[in-house]
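In what follows, a single structure is set out as structure tokens and then discussed.
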Amino acid sequence: MVEAEGEDGQGCRGDDAREGGRPLVNLVLEAIAWIVDPANWTGVGSIPERIVQHLAISVIVLAIAALIALPIGAFVGHTGRGRELTVMIAGGLRALPTLGVLTLFGLWLGIGLRAPIIALVILAIPPLLAGAYAGLESVDRRTVDAARAMGMRERQIVGKVELPLGMPIVVGGIRSATLQIVATATLAAYIADFGLGRFIFAGLKTRNYDEMLGGSILVILLALAIDGVFAVVQRLVVPAGVRATRTRQLRSGPTRPRAVVGQPVTEGNRE
């Protein structure tokens with residue numbers, strides 16, 4: 001850092017120091033102090049109110065995106081039709097910058113929640129779409145053919161065979177989309193007084209770094225909590241038969257040949 005000699009003969013640092021730059025540890029501690037401050041947990045614009053708002057917009061966006069992406073993904077995964085087009089569209093949507101899309105729709109629709117909801121729906125569609133078609137596509141075709149040979153209709157095959165077996169992957173797509181929504185929903189405060197992002201933008205505007213970093217920490221904690229819930233759900237939706245098969249495979253262990261004098265002997269479980 002370049003130092004300049006002042007009129008009093010003492011060195012002074014650059015612009016960062018004159019603006020009150022603080023060590024990172026102090027910033028984190030002050031942000032935690034801001035979070036636990038009782039004054040921030042009551043009244044209008046309090047932390048609980050912002051968390052509820054953040055969850056509300058996340059649920060709305062996830063529901064809209066799921067209604068669009070999951071049926072299309074299930075159709076593609078079941079029939080195999082339009083897979084290349086679906087992958088291309090999902091990849092293209094992933095490449096769109098969310099802040100740019102939000103700004104574009106904000107200029108078109110004005111202040112409010114409509115622009116953030118549209119931008120976040122566009123963000124959430126690719127992982128939901130990929131999870132849906134990958135989940136149904138991952139089911140062994142022999143299992144599907146057996147269900148079809150038993151006289152099951154296509155709708156029954158999807159609902160009773162492909163969807164239960166592919167549910168862990170489908171939930172994985174929902175999990176990924178939810179985390180992206182929760183993390184990016186902070187941008188809703190860019191053009192609307194809504195959600196945890198309001199703490200970040202308000203702190204940035206007033207240079208209240210305690211509030212800004214505290215809001216960021218709250219978003220991180222919320223995302224981690226939701227990810228933990230989905231991790232449990234993803235384990236619970238694994239069909240009992242699949243879990244039993246995996247358990248037997250883990251317990252049996254691999255076998256390997258061991259050469260002895262005269263003839264090879266196989267180590268491991270012998271049935």
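The figures here come from the full heavy-atom set of this structure, side chains too, leaving out hydrogens, waters and symmetry mates.
At distances below 3.5 Å, at least one donor-acceptor pair connects side-chain atoms of Q53 with backbone N or O atoms of G195. Judged by distance alone, with hydrogens and angles left aside, the side-chain atoms of W34 form no donor-acceptor pair with the main-chain N or O of Y209 at under 3.5 Å. At distances below 3.5 Å, at least one donor-acceptor pair connects side-chain atoms of S58 with backbone N or O atoms of H54. No donor-acceptor pair closer than 3.5 Å links the side chain of E30 to the backbone N or O of D210. Although no hydrogens or angles enter the test, the distance criterion places a donor-acceptor pair under 3.5 Å between the side chain of S138 and the main chain of G135. Listed for the T143 side chain is no donor-acceptor partner under 3.5 Å among the backbone atoms of V139. No donor-acceptor distance shorter than 3.5 angstrom exists from the side chain of D193 to the backbone of R198, with no hydrogens or angles considered.
The number of heavy atoms from other shown groups lying within 6.0 Å of CZ (R141) is above 12. Counting non-hydrogen atoms of neighbouring residues, nucleotides and ligands closer than 6.0 angstrom, the CZ atom of F230 exceeds 12 such neighbours.
We find the CD1-CD1 distance between I125 and I89 to be 10.0 Å, quoted to the nearest 0.5 Å. To the nearest 0.5 Å, the span separating CD1 on I200 from CG on N208 amounts to 12.5 Å. From L55, atom CG reaches atom CD1 of I57 across 11.0 Å, with rounding to the nearest 0.5 Å. I118 contributes atom CD1, which lies 6.5 Å from atom CH2 of W108 (distance to the nearest 0.5 angstrom). With values rounded to the nearest 0.5 angstrom, F75 atom CZ is found 5.5 Å from R81 atom CZ. Remark: T98 OG1 to L96 CG distance equals 8.0 Å, nearest 0.5 Å.
Here the shortest heavy-atom pairing between L109 and A115 reads CD1-N, 4.0 Å. Residues G214 and A31 share a closest heavy-atom pair of N-CB, 3.7 Å. Taking both residues in full, the closest heavy atoms of P164 and G159 are given as CD-O, 3.4 Å, listed atom of the first, atom of the second, then distance. Listed here is the closest heavy atom pair of Q234 and G172: NE2-CA, 3.4 Å. Here the closest non-hydrogen pair linking A90 and L129 is CB-CD2, 4.3 Å. Residues L128 and A69 share a closest heavy-atom pair of CB-CB, 3.7 Å.
Salt bridge status for E211 with K205: absent, with no side-chain N to carboxylate O gap under 4.0 Å. Note on D145 versus R148: salt bridge recorded, some NZ/NE/NH1/NH2 to OD/OE distance being below 4.0 Å.
Residue V61 is tested with I181, L123, I122 for a side chain to side chain contact (heavy atoms under 4.5 Å, CB included); the sole match is I181.
Side-chain atoms of R153 and Q156 form no donor-acceptor pair, as typed in the model, at a separation below 3.5 Å.
L102 and V121 fall into different hydrophobic clusters, where Ile, Leu, Val, Met, Phe, Trp and Tyr residues are linked whenever their side-chain heavy atoms come under 4.5 Å apart, directly or through other members. Following chains of ILVMFWY side-chain contacts shorter than 4.5 Å, one cannot reach I191 starting from L104, and the two form parts of different hydrophobic clusters. Both L221 and V28 are members of a single hydrophobic cluster when ILVMFWY side chains are connected at heavy-atom separations under 4.5 Å. Grouping the Ile, Leu, Val, Met, Phe, Trp and Tyr side chains by contacts below 4.5 angstrom, directly or via other members, places L120 with V182. Follow the hydrophobic side-chain contacts under 4.5 Å out from L224 and you never reach L179; the two are in separate clusters.
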Exercise for the section: Please step through side-chain contact (heavy atoms from CB on, under 4.5 Å) for the pair L222 and I226, ending with a clear verdict. Expected result: CA-CA 6 Å; L222 182 61; I226 293 175; 4.1 Å; yes
Handout entry: side-chain contact (heavy atoms from CB on, under 4.5 Å) evaluation trace for V161 with M152
Key = CA-CA 10 Å; V161 178; M152 297 180 69; 4.0 Å; yes
Problem - side-chain contact (heavy atoms from CB on, under 4.5 Å) assessment of L213 paired with I217 - result: CA-CA 6 Å; L213 185 56; I217 293 174; 4.2 Å; yes
Handout entry: Full working for side-chain contact (heavy atoms from CB on, under 4.5 Å) between M212 and F199
Key = CA-CA 6 Å; M212 186 174 68; F199 294 135; over 6 Å; no
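V158 has its side chain out of reach of R155: every pair of non-hydrogen atoms, C-beta onward, lies at least 4.5 Å apart.
Pairs engaging residues 104-126 under the salt bridge (Lys or Arg N to Asp or Glu O under 4.0 Å) rule: none recorded [sequence neighbours left out].
Between F201 and Y190, the angle of the ring planes lies from 30° to 60°, which puts this pair in the tilted group.
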